[in-house]
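We use all heavy atoms of the structure for the numbers below, so side chains are in, but hydrogens, waters and symmetry mates are not.
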There are 2 protein chains.
Amino acid sequence: MRPLIHPSIEDITVEGILHALSDPVRAAIYVALALGGSDCTFNCSNLQQVIDRPIPKSTLSQHFRALREAGLIRSERHGVEMRNTSRCPEIEQRFPGLLAGILNAHKVQSMERARLAKRKPAARKSVAG
Amino acid sequence: MRPLIHPSIEDITVEGILHALSDPVRAAIYVALALGGSDCTFNCSNLQQVIDRPIPKSTLSQHFRALREAGLIRSERHGVEMRNTSRCPEIEQRFPGLLAGILNAHKVQSMERARLAKRKPAARKSVAG
DNA sequence: ACTATAGTTCGCAACATATGAACTATGGAA
DNA sequence: TTCCATAGTTCATATGTTGCGAACTATAGT
């Protein structure tokens, strides 16, 4: 088992963060971790509450790795399971306002989606054909 | 020639924006456009001042398309050339703080890189081969 | 119509991603 | 210690995405 790779704070890049969070599944994971606070942990097993469609654990493992190697989360083994926590405070110090802007944008978007879903449960985006 | 596609403001997604800006070339283009103000335009031809390595124009064309279809820029033909302007104000209204956070992070990162390049022009990241 | 300039599209090679199957790691029970 | 269950990783591969040269389209000036 290759050891877990956590970049040091100065090796974290904006491009890496944006790429990691440009995937909807990773974004959902990260939002849940970041909003949950420092004692909130998720892993491949208890994540179904956060994401809607079922995702295989090999895929989830890769997503956690992507978040970890982008520097967004810290992963530690505790017994048989993994505890993933967000590295928000560090990143806020290096890139002030970045995560706040992204998290807020996700909030705006998910509120808007909820509103649209309530209005028209079946239709999307008035696409003909 | 297929007509240019500009998503309406409510169809712009966070994921789309983050993905578009997770590419270093597109990020450099966008930073230049955004910081240049509303009368600043760049295109496939006058862009060499913004990016360091030379990039084929077919690639640049694709990058502009990616930015356009993510909703980040607006492209208009003026005679034989293209004028690309940032859509920052619209996006700021929909996702307050998002672009500011990203632009600031890029500024932090490029200042840091400039500092490192001045210190040790040839060495990078103290990696032992 | 001809030429020059600016940008787009096509086709393909190189790279990235998602996932089932097989594997590793840890803890507890017998 | 051995066996089993649970949690997660790695591998192989099929599918998707990207970068770029070559060919094409569009516009302006002559």
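Here the side chain of A:Arg2 is nearest to one of C:dA18, D:dT10, C:dA6, namely D:dT10. Listed nucleotides: D:dG19, D:dT10, D:dG8. Nearest to the side chain of B:Asp23: D:dG19. With C:dT8, D:dA26, D:dT9 as the choices, the nucleotide that has an atom nearest any side-chain atom of B:Val80 turns out to be D:dA26. Which of D:dG8, C:dA21, D:dT6 sits closest to the side chain of A:Glu81 comes down to D:dG8. Distances from the side chain of B:Thr59 to the nucleotides C:dA18, D:dC20, C:dT8 place D:dC20 closest. When distances are taken from the side chain of A:Met1 to each of D:dG19, D:dT18, D:dT9, the shortest belongs to D:dT9. Among the nucleotides C:dG20, C:dT9, C:dT5, the one closest to the side chain of A:Ser58 is C:dG20.
Between B:His78 and B:Arg83, the side chains place a donor N or O and an acceptor N or O closer than 3.5 Å (distance only, hydrogens not considered). No side-chain donor from either of B:Asn84 and B:Thr41 sits under 3.5 Å from a side-chain acceptor of the other.
For the side-chain contact (heavy atoms from CB on, under 4.5 Å) with B:Ile29, the lone residue among B:Ile73, B:Leu47, B:Asp23, B:Leu21 that qualifies is B:Leu47.
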message: Using the rule given for side chain to side chain contact (heavy atoms under 4.5 Å, CB included), can you reason through A:His6 versus A:Ser75, listing the C-alpha separation, both sets of side-chain angles and the distance that settles it, and then say yes or no?
response: CA-CA 8 Å; A:His6 293 95; A:Ser75 309; 4.1 Å; yes

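Among the heavy atoms of the strands lying under 4.0 Å from B:His19 are primed sugar atoms or P, OP1, OP2 only; no base atom is included.
B:Asn43 has no side-chain polar atom (N or O) that falls below the 4.0 Å cut-off from OP1 or OP2 of C:dA6.
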